[in-house]
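Report on the following structure.
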Number of protein chains: 2
Amino acid sequence: MPLPQSLRMTRQRRLILDELRRLKTHPTADEIFQVVKRRMPRISLATIYRNLDILSQAGVIQKLETAGLQRRFDGDISQHPHVRCVKCGRVDDMTGDARPPRIERMPRAEGYAIHGYRLEFLGTCPQCGKGGGNIQ
Amino acid sequence: MPLPQSLRMTRQRRLILDELRRLKTHPTADEIFQVVKRRMPRISLATIYRNLDILSQAGVIQKLETAGLQRRFDGDISQHPHVRCVKCGRVDDMTGDARPPRIERMPRAEGYAIHGYRLEFLGTCPQCGKGGGNIQ
DNA sequence: TTAGTTGCAAACATTTTGCCGAACG
DNA sequence: CGTTCGGCAAAATGTTTGCAACTAA
């Protein structure tokens with residue numbers, strides 16, 4: 001479904017965008033839903049999905065291409081590396097030197113035109129590190 | 001669900017493993033199902049899922065952590081880079097120098113213990129490269 | 001005024017689970 | 001012969017869609 005000719009800033013869209021930008025947790029659609037619902041109780045999950053889709057297509061937010069069955073979103077559209085906790089699935093920003101790694105000796109694939117790559121760090125988050133971690 | 005004390009090599013498991021190793025396409029569970037069904041028509045999709053899960057837990061196959069809603073599997077358990085076609089979702093092996101990139105200046109994340117990273121190349125596959133490519 | 005948007009419910013797609021009879025070792 | 005496994009159907013999970021009413025511009 002292509003973007004419409006003009007985008008309206010509805011109360012719902014504004015709120016979704018504000019909350020996504022406020023959260024630093026790279027939330028899933030449902031996590032955004034739970035937060036937004038506190039301020040707008042009758043909002044529907046479908047509205048969340050539709051707006052996340054429209055906003056990411058418009059380049060206002062990022063749909064993260066992190067591994068896993070659930071999609072996560074980021075209000076920060078700058079390209080920066082993420083860590084994913086292998087135990088609970090939580091995603092955080094990497095801090096410090098955010099420079100991407102230099103890839104020497106680019107591998108090839110027969111017939112493919114390579115455009116780029118996606119890098120995701122794996123680790124154990126603070127919560128899961130101590131206490132053994134609950135697999136979510 | 002933990003692995004049982006002993007694993008049996010049933011006809012179903014054998015067939016799933018053989019077909020997965022034969023295919024070089026990093027198939028989804030359903031794609032394996034379609035292929036296996038030709039030789040064992042009464043097999044169930046649940047059996048495919050259960051066996052793919054058990055075999056990957058046992059380290060016999062790989063559950064790929066590629067982006068996207070659908071999981072893909074690889075009968076080759078060596079760590080090697082993959083390309084994903086951004087147009088059709090197909091996944092192929094990278095050939096040539098398969099050495100992982102050297103990451104200088106490892107970024108950090110507060111409180112995380114970083115174990116490693118996941119690298120996935122993006123590109124356009126031979127089919128999608130010519131003809132504009134059909135979004136699947 | 002009208003194209004774009006919402007809430008709701010229902011549909012969809014993928015993966016998981018409970019049950020019980022079958023079969024591997 | 002005990003444990004593991006398979007087939008089936010149903011459930012669970014995450015996402016998308018059709019539609020009539022509503023609303024921002």
Side-chain angles (χ1 to χ4, degrees), chain A residues 1-17 19-20 26-34 36-58 60-61 63-73 88-91 135-136, chain B residues 1-20 26-34 36-58 60-61 63-73 88-89 91 135-136:
Chain A
M1 42 249 55
L3 284 179
Q5 301 196 330
S6 68
L7 292 187
R8 289 184 191 169
M9 189 50 73
T10 59
R11 292 196 314 125
Q12 289 84 340
R13 187 164 295 166
R14 175 86 264 155
L15 186 50
I16 291 167
L17 184 54
E19 293 290 7
L20 180 56
H26 312 83
T28 62
D30 194 70
E31 286 165 355
I32 297 170
F33 181 48
Q34 300 306 327
V36 164
K37 217 166 36 171
R38 294 210 280 267
R39 294 222 250 147
M40 192 181 281
R42 299 193 55 83
I43 198 172
S44 134
L45 183 54
T47 299
I48 307 287
Y49 274 108
R50 273 189 290 235
N51 277 296
L52 290 173
D53 204 59
I54 287 171
L55 290 171
S56 62
Q57 273 194 68
V60 179
I61 67 172
K63 191 178 285 196
L64 297 185
E65 301 229 10
T66 165
L69 8 146
Q70 234 176 150
R71 260 210 177 105
R72 291 181 171 274
F73 298 85
C88 73
R90 180 178 151 188
V91 173
I135 304 262
Q136 178 194 316
Chain B
M1 39 251 57
L3 283 180
Q5 300 194 330
S6 69
L7 291 187
R8 293 183 186 166
M9 189 50 72
T10 60
R11 292 198 312 127
Q12 289 84 339
R13 189 164 293 166
R14 174 87 267 155
L15 186 49
I16 291 167
L17 184 54
D18 286 349
E19 293 289 7
L20 179 56
H26 313 82
T28 63
D30 193 71
E31 286 166 354
I32 297 171
F33 181 48
Q34 300 305 328
V36 164
K37 218 167 35 174
R38 294 210 279 265
R39 294 223 250 147
M40 193 181 281
R42 299 192 57 85
I43 199 172
S44 133
L45 183 55
T47 298
I48 307 288
Y49 274 107
R50 270 188 291 236
N51 277 297
L52 290 173
D53 204 59
I54 287 171
L55 290 171
S56 63
Q57 272 195 69
V60 179
I61 66 171
K63 191 180 283 196
L64 297 185
E65 302 229 3
T66 166
L69 11 145
Q70 236 176 149
R71 272 220 216 300
R72 291 182 172 273
F73 298 85
C88 72
V91 173
I135 306 266
Q136 178 191 316

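Note on naming: letters A, B, ... go to the chains in the order of the sequence lines (proteins, then strands), and numbering restarts at 1 for each one.
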### Message
Any base atoms under 4.0 Å from B/N51, or only sugar-phosphate, or nothing? Heavy atoms, all strands.
### Response
sugar-phosphate
### Message
Looking only at the side chain of A/S6 (C-beta and beyond, no hydrogens), which of the listed nucleotides C/dT15, D/dT15, C/dG4 gets closest?
### Response
C/dG4
### Message
By the 4.0 Å heavy-atom rule, please label B/I43 as base, sugar-phosphate, or nothing.
### Response
sugar-phosphate
### Query
For the side chain of B/T10, counting heavy atoms from C-beta on, which of D/dT15, D/dA25, C/dC24 is nearest?
C/dC24
## Note on the structure
Closest to the side chain of B/M9, out of C/dG25, C/dT17, C/dT15, is C/dG25
### Summary
Rounded to whole Å, the CZ-P distance (A/R14 to C/dG4) equals 20 Å
### Task
Could you check which of D/dT15, D/dA25, C/dG7 has an atom nearest any side-chain atom of A/R8?
D/dA25
### Task
Find the distance B/R72:CZ to C/dA13:C1' and express it as a whole number of Å.
15 Å
## Note on the structure
On DNA chain C, more 5' by nearest nucleotide between B/A46 and A/I16 is A/I16
### From CZ (A/R50) to CG (A/L45), nearest 0.5 Å
10.0 Å
### Task
Kindly point out which of C/dG4, C/dT6, C/dT15 is positioned nearest to the side chain of B/A29?
C/dT15
### Summary
Separation of C/dC8 atom P from A/I48 atom CD1, nearest Å, is 12 Å
### Any B/Q34 side-chain heavy atom under 4.5 Å of B/E31 side chain
no
### Residue closer to the 5' end of DNA chain D, B/R11 versus B/L69 (nearest nucleotide)
B/R11
### Message
If you only use heavy atoms from C-beta on, which nucleotide in C/dT6, D/dG6, C/dG7 is closest to the side chain of A/R13?
### Response
C/dT6
### Task
Give the rounded distance in Å between these two atoms: CG of A/L15 and P of C/dT5.
16 Å
### Query
Rounded to the nearest 0.5 Å, how far apart are CD1 of B/I43 and CZ of B/R11?
8.5 Å
### Query
For D/dT16, does OP1 or OP2 lie under 4.0 Å from any side-chain N or O of A/R50?
no
### Message
Within the 4.0 Å heavy-atom criterion, would you say B/T28 contacts the bases, only the backbone, or no part of the nucleic acid?
### Response
nothing
### Query
Does OP1 or OP2 of D/dT23 have a side-chain N or O of A/Q12 closer than 4.0 Å?
no
### Task
Check the distance between C/dT15's P and B/I54's CD1 and give it to me in whole angstrom.
16 Å
### Query
When you check the phosphate oxygens OP1 and OP2 of D/dT16, does a side-chain N or O of A/Y49 lie under 4.0 Å from one of them?
no
### Task
Can you figure out which of C/dC8, C/dG4, D/dG6 approaches the side chain of A/Q5 most closely?
C/dG4
### Message
Quick one, A/Q12 and A/V36 - any side-chain contact, counting heavy atoms below 4.5 Å?
### Response
no
### Query
Which whole-number value in Å describes the distance from A/F73 CZ to D/dG14 P?
13 Å
### Task
Give the rounded distance in Å between these two atoms: CG of A/L64 and P of D/dT15.
12 Å
#### Entry: CG on A/N51 to CD1 on A/I16, rounded to 0.5 Å
4.0 Å
### Query
Would you say D/dG6 has OP1 or OP2 under 4.0 Å from some side-chain N or O of B/S44?
no
#### Entry: Residue closer to the 5' end of DNA chain C, B/L45 versus B/L7 (nearest nucleotide)
B/L45
### Message
What is the distance, to the nearest angstrom, from the CG atom on A/D30 to the C1' atom on D/dT16?
### Response
15 Å
### Query
Within less than 4.0 Å of OP1 or OP2 of D/dC8, is there a side-chain N or O belonging to B/R42?
yes
### Query
Should A/Y49 and A/D53 count as side-chain neighbours, where that means a heavy-atom distance under 4.5 Å?
no
